[in-house]
Number of protein chains: 2
Amino acid sequence: MRPSSGDYHHGNLRQALLDAAHEQLCDAGIGAVGMREIARRVGVSHAAPYRHYANLDALLADLATSGFRELEQRFAHLPAIAEPEARFTAMAATYVEFASDRPQLWRLMFGDALDKTGHPQLLEVSQAVFANLQETLLALGVAAPAINEALAAWAMAHGVARLALDRRLDAHLNLAMDANTLVDTAARIFLAGLRNLR
Amino acid sequence: MRPSSGDYHHGNLRQALLDAAHEQLCDAGIGAVGMREIARRVGVSHAAPYRHYANLDALLADLATSGFRELEQRFAHLPAIAEPEARFTAMAATYVEFASDRPQLWRLMFGDALDKTGHPQLLEVSQAVFANLQETLLALGVAAPAINEALAAWAMAHGVARLALDRRLDAHLNLAMDANTLVDTAARIFLAGLRNLR
DNA sequence: AGGCAATGTTGACAACGTCAACATTGCCCG
DNA sequence: CGGGCAATGTTGACGTTGTCAACATTGCCT
């Protein structure tokens, strides 16, 4: 199905909408992403998206889902580091790096602009990401199920990412410091604490 | 100035607007807070708020500022704990507790619904909160300026709060666990790490 | 007492999300 | 091969919102 003859039918609007929404998100932030604006970007009438998404939230949920998949990919393509502690640090760094590479997407995924309840796919992919982290923790020799520790680690990386995104680091620091060195410090403290406790 | 005679003039609308906005925020979440709704709640015409706030963002910024002041108060009224490590743990717990007591307010303060740039008061109060944490870290014997460690600690507490608020804990846990025990775990790991590193 | 600045009201505008009614197209089945 | 049906896109409408301008009302100061 192509836009060969008359371009009344688009071809595959759904993906085009997603792409346009993604561009708009990166360009202008979450507040600027609206049904009409997306339709405008694709060059289609303002109500056309409703043939593919029940409402704006559904579209945003789909966008967030693709974000989680990308994050998962980054974890998957992490260089194979055998040593567990180094791997843990690398994962935390990857997490923060993703947030700093795609700040708007990250905000959509973890912020409160989108109500996540009622989007099972979204829940599923986010759980997959967490499972990945938990496995690494297990390799550290933490006793199963290691839930506490895994969550604490996640919280740490998550907090670093958010503080960095909100520019609270810039605001509170005279000296130069970026999220990367901060997450390193935090990971080092965390690992030392784990060693010390068991 | 009271609403004694004809109630054309309200008395002190500014505070009434803030109160109404706060109620609406707690009742229905950040998405439901709008100029017209606030005015409706106070019983005043839809454009009246503009005599006191340039726009909705300005009002929300004021609300967030009051939130930071309340958080500051909680730190100030913390029971006097001399032992630095216990005090640190108590502060982290207080932080998370605030988030769980006033989730919507916390979202406003730390979420991305409100653009914080261009609100100097807001920046000021949030810096004051951070300074408080940094002092406690100093008492732990961390070398001045201890910026790295203070930020890492903040990130940890912040991450716990956010994961809890977003119900990601519920989503990922079969067993029962709340933010309180999690922040305890995280604080213990963090402190053990600090001891181990120096 | 009178006038001015502060404060509140009314009405308007553009933009938005969403729905219903209608138009157009591709595809499948006889 | 043709006709109809389901999928998809368009148009127009409704109610809502943030914000502004013009106007009304009030309290305070001289």
Side-chain angles (χ1 to χ4, degrees), chain A residues 1-21 23-25 27-64 108 112-115 117-119, chain B residues 1-21 23-25 27-64 108 112-115 117-119:
Chain A
M1 200 197 258
R2 257 83 48 80
S4 49
S5 62
D7 52 348
Y8 191 94
H9 283 91
H10 178 278
N12 64 347
L13 226 187
R14 191 175 175 111
Q15 186 59 46
L17 290 172
L18 262 185
D19 293 347
E23 283 176 30
Q24 177 72 3
L25 177 69
D27 288 1
I30 180 65
V33 182
M35 273 304 203
R36 292 176 113 104
E37 177 61 31
I38 295 172
R40 222 171 281 134
R41 252 182 135 96
V42 176
V44 89
S45 84
H46 65 260
Y50 287 91
R51 294 293 154 186
H52 300 270
Y53 289 102
N55 49 35
L56 180 57
D57 257 34
L59 201 161
L60 292 179
D62 217 359
L63 198 52
L108 175 64
D112 28 58
L114 170 64
D115 180 30
T117 66
H119 300 283
Chain B
M1 201 197 257
R2 256 83 47 81
S4 48
S5 62
D7 52 349
Y8 190 96
H9 284 91
H10 178 278
N12 63 346
L13 225 187
R14 190 174 177 115
Q15 187 59 46
L17 290 172
L18 262 186
D19 293 348
E23 281 176 31
Q24 176 72 2
L25 178 70
D27 288 1
I30 180 65
V33 182
M35 273 304 203
R36 290 176 113 103
E37 178 60 32
I38 296 172
R40 223 171 280 135
R41 253 182 133 94
V42 177
V44 89
S45 84
H46 65 260
Y50 288 90
R51 294 293 154 184
H52 300 271
Y53 289 102
N55 48 36
L56 180 58
D57 258 35
L59 201 160
L60 292 178
D62 217 359
L63 198 52
L108 174 65
D112 27 59
L114 170 64
D115 180 29
T117 66
H119 300 283

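Protein chains get the first letters and strands the later ones, always in sequence-line order, with residue 1 at the start of each. Quick note: numbers below take in every heavy atom, side chains included, and nothing from hydrogens, waters or symmetry partners. Quick caveat: nothing in here was measured; it's all calculated off a predicted structure.
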For [X] and [N], what is the distance between atoms [atom1] and [atom2] respectively, to the nearest whole Å?
X	N	atom1	atom2	result
A:Asp57	C:dT18	CG	P	8 Å
B:Leu13	D:dT26	CG	P	15 Å
B:Leu17	C:dT7	CG	P	12 Å
B:Tyr53	D:dG18	OH	C1'	17 Å
B:Arg51	D:dT19	CZ	C1'	12 Å
B:Arg14	C:dG8	CZ	P	12 Å

Can you tell me how far apart [atom1] ([X]) and [atom2] ([Y]) are? Round to the nearest 0.5 Å.
X	Y	atom1	atom2	value
B:Ile38	B:Leu25	CD1	CG	9.5 Å
A:Asp19	A:Leu13	CG	CG	11.0 Å
A:Leu17	A:Gln24	CG	CD	13.0 Å

Donor-acceptor pair under 3.5 Å: do we get one between A:His46's side chain and the base of D:dG12?
yes

Look for any protein N or O under 3.5 Å of an N or O in nucleotides 14-17 of chain C and output each such pair with its distance, or none.
unit_1: C:dC16; atom_1: OP2; unit_2: A:Arg40; atom_2: NH2; d: 2.7
unit_1: C:dG17; atom_1: OP1; unit_2: A:Met35; atom_2: N; d: 3.0
unit_1: C:dG17; atom_1: OP2; unit_2: A:Met35; atom_2: N; d: 3.1
unit_1: C:dG17; atom_1: OP2; unit_2: A:Arg36; atom_2: N; d: 3.1
unit_1: C:dG17; atom_1: N7; unit_2: A:Arg36; atom_2: NH1; d: 2.5
unit_1: C:dG17; atom_1: O6; unit_2: A:Arg36; atom_2: NH1; d: 2.9

Under the rule for salt bridge (Lys or Arg N to Asp or Glu O under 4.0 Å), what residues qualify as partners of B:Arg36, not counting sequence neighbours?
none

